[in-house]
Amino acid sequence: MKLIDMHCDTLWKLMDLDGKGDLKKNGCSVNIPAMKKAETAVQFFACFTWIKDYEETGGYDQAYEHVKEMIAYLRNQEKYYGMDFSIADSWYQIRENETNEKISAVLTVEEGGVLNGQMKRLEELYAQGVRLMTLIWNYENCLGYPNSKDASVMKQGLKPFGKEVIEYLGELGMIADVSHASDGTFWDILKYAKGPVVASHSNCRAIADHPRNLTDEMIHALSDAGGVAGLNFYGPFLGNPIVSGIEDMVRHILHMLKVGGSEFPAIGTDFDGFDGMKVLEIPDVSHMEKLWNALKKEGVSESQLDKIWYGNAARILQNI
């Protein structure tokens with residue numbers, strides 16, 4: 001039951017919200033003991049910056065500095081807990097970590113606006129080990145436009161710099177992430193991408209009509225491009241504003257299988273990146289077996305579950 005989780009905001013919670021604990025002992029949904037219990041093979045750690053926090057203190061330039069602080073924090077944690085996990089920037093390192101019974105941590109950036117029009121920053125992030133970029137968060141940035149309930153915004157796509165970045169991501173061997181993008185930005189990313197594309201933490205709009213989710217047309221196209229989507233555990237994206245429920249998770253996975261095929265669904269919990277839930281049926285990564293069992297009860301085979309938990313995302317990681 002090896003697990004790859006394509007998105008968590010644990011670094012943000014540890015550094016910016018709680019300000020206490022570390023990767024081994026904390027009040028988060030992701031920590032070393034919980035990952036071990038879940039048999040986590042790879043955990044993607046997002047370096048997320050909320051631009052509203054930096055509007056009066058340097059904007060995206062300061063946010064970029066904080067991304068580097070987050071990278072340094074995780075590397076410092078590796079010094080303390082190197083027996084348990086290791087940062088991986090290639091498929092070879094991931095396999096080596098598995099051999100040594102270590103969890104692989106993959107660094108990502110959530111909010112490509114931190115590039116602020118400077119391609120050199122993308123090269124710097126790559127050199128520091130970042131292997132996935134979520135180009136947009138919930139605000140327009142130098143790359144393109146976000147998901148929105150405003151139809152005119154949803155039609156907007158990548159800006160010229162965003163098109164350059166998408167092409168360069170593929171050349172570097174970084175994964176392009178369409179989660180949070182507007183519909184127009186989604187289609188532009190697929191059009192201009194020269195490397196792997198994923199929706200690291202997005203669900204199905206046909207099941208929960210939210211602009212953060214993927215339409216069936218998007219699922220078809222992303223699947224045809226060899227991409228995957230990681231199931232997001234946030235209630236509103238599942239279809240319930242206050243409940244993160246297993247039954248809803250199952251509905252989305254079954255729909256992904258139906259529309260995108262067996263190679264499409266993956267896991268992208270979004271753990272530690274959301275709040276406001278009155279009920280969390282899977283409160284942390286150690287409880288992932290509950291979803292496995294629920295899907296198995298609905299007739300999903302163990303071989304298919306292995307793809308959802310590990311195999312589909314692993315295929316993407318072989319490109320980094």
Side-chain angles (χ1 to χ4, degrees), residues 1-10 28-31 33-44 103 179 198-210 212-216 218-219 222-223 227-316:
M1 196 191 292
K2 291 191 298 184
L3 173 67
I4 297 177
D5 179 3
M6 298 182 71
H7 188 85
C8 78
D9 286 297
T10 308
C28 301
S29 293
V30 174
N31 53 61
M35 287 190 287
K36 285 186 173 182
K37 186 174 180 181
E39 297 182 40
T40 298
V42 184
Q43 178 66 59
F44 286 56
I103 298 163
S179 289
V198 303
S200 68
H201 56 305
S202 295
N203 296 338
C204 308
R205 209 176 296 180
I207 303 297
D209 189 14
H210 194 289
R212 266 285 280 109
N213 289 339
L214 303 170
T215 66
D216 283 3
M218 291 174 175
I219 292 172
L222 186 55
S223 178
V228 303
L231 178 73
N232 191 314
F233 287 13
Y234 184 40
F237 303 161
L238 290 168
N240 191 311
I242 57 173
V243 177
S244 174
I246 293 173
E247 184 177 346
D248 289 327
M249 296 176 192
V250 169
R251 291 171 65 213
H252 283 271
I253 288 288
L254 293 178
H255 190 77
M256 288 182 189
L257 286 170
K258 179 181 177 181
V259 179
S262 63
E263 308 298 315
F264 184 71
I267 302 293
T269 62
D270 205 7
F271 273 145
D272 299 318
F274 60 82
D275 56 17
M277 297 296 96
K278 290 188 177 180
V279 178
L280 276 168
E281 292 189 346
I282 301 180
D284 62 62
V285 70
S286 73
H287 293 263
M288 287 295 293
E289 188 175 5
K290 295 177 181 177
L291 178 57
W292 176 287
N293 291 335
L295 285 164
K296 191 173 180 180
K297 187 176 179 181
E298 289 297 317
V300 181
S301 68
E302 289 213 10
S303 61
Q304 181 60 73
L305 283 165
D306 284 334
K307 288 183 179 181
I308 296 167
W309 249 242
Y310 179 89
N312 291 341
R315 187 185 73 249
I316 301 295

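Only this structure's heavy atoms are used, side chains among them; waters, hydrogens and symmetry mates stay out. Counting from 1, the numbers follow the sequence of the chain as shown.
Residues Pro236 and Met277 approach most closely at CD-CE, 3.7 Å, considering heavy atoms. The two residues Val285 and Ala38 come nearest to each other via the heavy atoms O-CB, 3.2 Å. Contact detail for Met256 and Ser202: the closest heavy-atom pair is CE-O, 3.5 Å. Here the closest non-hydrogen pair linking Gly268 and Asp5 is CA-OD1, 3.4 Å. Between Cys8 and Val30, the closest heavy-atom pair is CB-CG2, 4.1 Å. Ala199 and Ser179 make their closest contact through C-OG, 3.4 Å (heavy atoms, listed as atom of the first residue, atom of the second, distance).
A heavy-atom distance below 4.5 Å is found between the side chains of Asn312 and Pro265. Contact check for Tyr310 versus Ile267: no side-chain heavy atoms found under the 4.5 Å cut-off. Side-chain contact check for Val259 versus His255: some heavy-atom pair is nearer than 4.5 Å. Side-chain contact between Leu231 and Asn203 is present, with at least one heavy-atom pair separated by less than 4.5 Å. Taking the side chain as every heavy atom from C-beta outward, Val300 and Leu257 approach each other to under 4.5 Å. In this structure the side chain of Val228 never reaches within 4.5 angstrom of the side chain of Glu263, judged on heavy atoms. Ile308 is listed as a side-chain neighbour of Ile253, based on a closest heavy-atom distance under 4.5 Å. The side-chain heavy atoms of Ser29 and Thr269, taken from C-beta on, include no pair separated by under 4.5 Å.
When atom types are taken as modelled, the side chain of Ser223 and the backbone of Gly260 share a donor-acceptor pair closer than 3.5 angstrom. Ser244 places a side-chain N or O within 3.5 Å of a backbone atom of Phe233 that can act as its donor or acceptor partner. Checking side-chain atoms of Asn213 against main-chain N and O of Phe237 turns up a donor-acceptor pair under 3.5 Å. At least one donor-acceptor pair closer than 3.5 Å links the side chain of Glu281 to the backbone N or O of Ile246. In terms of modelled atom types and a separation under 3.5 Å, the side chain of Gln304 and the main chain of Ser262 share a donor-acceptor contact. Judged by distance alone, the side chain of Thr40 and the main-chain N or O of Leu3 form no donor-acceptor pair under 3.5 Å. Remark: side-chain polar atoms of Asp270 are not paired, donor with acceptor, to backbone N or O of Gly273 under 3.5 angstrom.
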Problem set entry | Residue pair Leu254, Val250: steps toward the side chain to side chain contact (heavy atoms under 4.5 Å, CB included) verdict | CA-CA 6 Å; Leu254 293 178; Val250 169; 3.7 Å; yes

For this session: Decide yes or no on side-chain hydrogen bond (donor to acceptor under 3.5 Å, both in side chains) for Thr10 and Asp272, but give the supporting numbers first.
Result: CA-CA 5 Å; Thr10 308; Asp272 299 318; 2.6 Å; yes

Problem set entry | Audit row: Met288, Met1, side chain to side chain contact (heavy atoms under 4.5 Å, CB included) steps and yes/no | CA-CA 10 Å; Met288 287 295 293; Met1 196 191 292; 5.9 Å; no

For this session: Starting from the C-alpha separation in whole Å, work towards a yes-or-no answer on side chain to side chain contact (heavy atoms under 4.5 Å, CB included) for Ile242 and Val279.
Result: CA-CA 7 Å; Ile242 57 173; Val279 178; over 6 Å; no

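Classification of the Trp309-Trp292 ring pair by plane angle, with boundaries at 30° and 60°, yields perpendicular.
For the residue pair His287 and Lys290, a side-chain donor N or O sits within less than 3.5 Å of a side-chain acceptor on the partner. A side-chain N or O of Asp9 and one of His7 form a donor-acceptor pair less than 3.5 Å apart. With 3.5 Å as the limit, one finds no donor-acceptor pair spanning the side chains of Asn232 and His252.
To the nearest 0.5 Å, atoms NZ (Lys36) and OG (Ser286) are separated by 14.0 Å. Distance check: Lys258 NZ to Phe264 CZ gives 15.0 Å after rounding to the nearest 0.5 Å. Remark: Asn31 CG to Asp284 CG distance equals 7.0 Å, nearest 0.5 Å.
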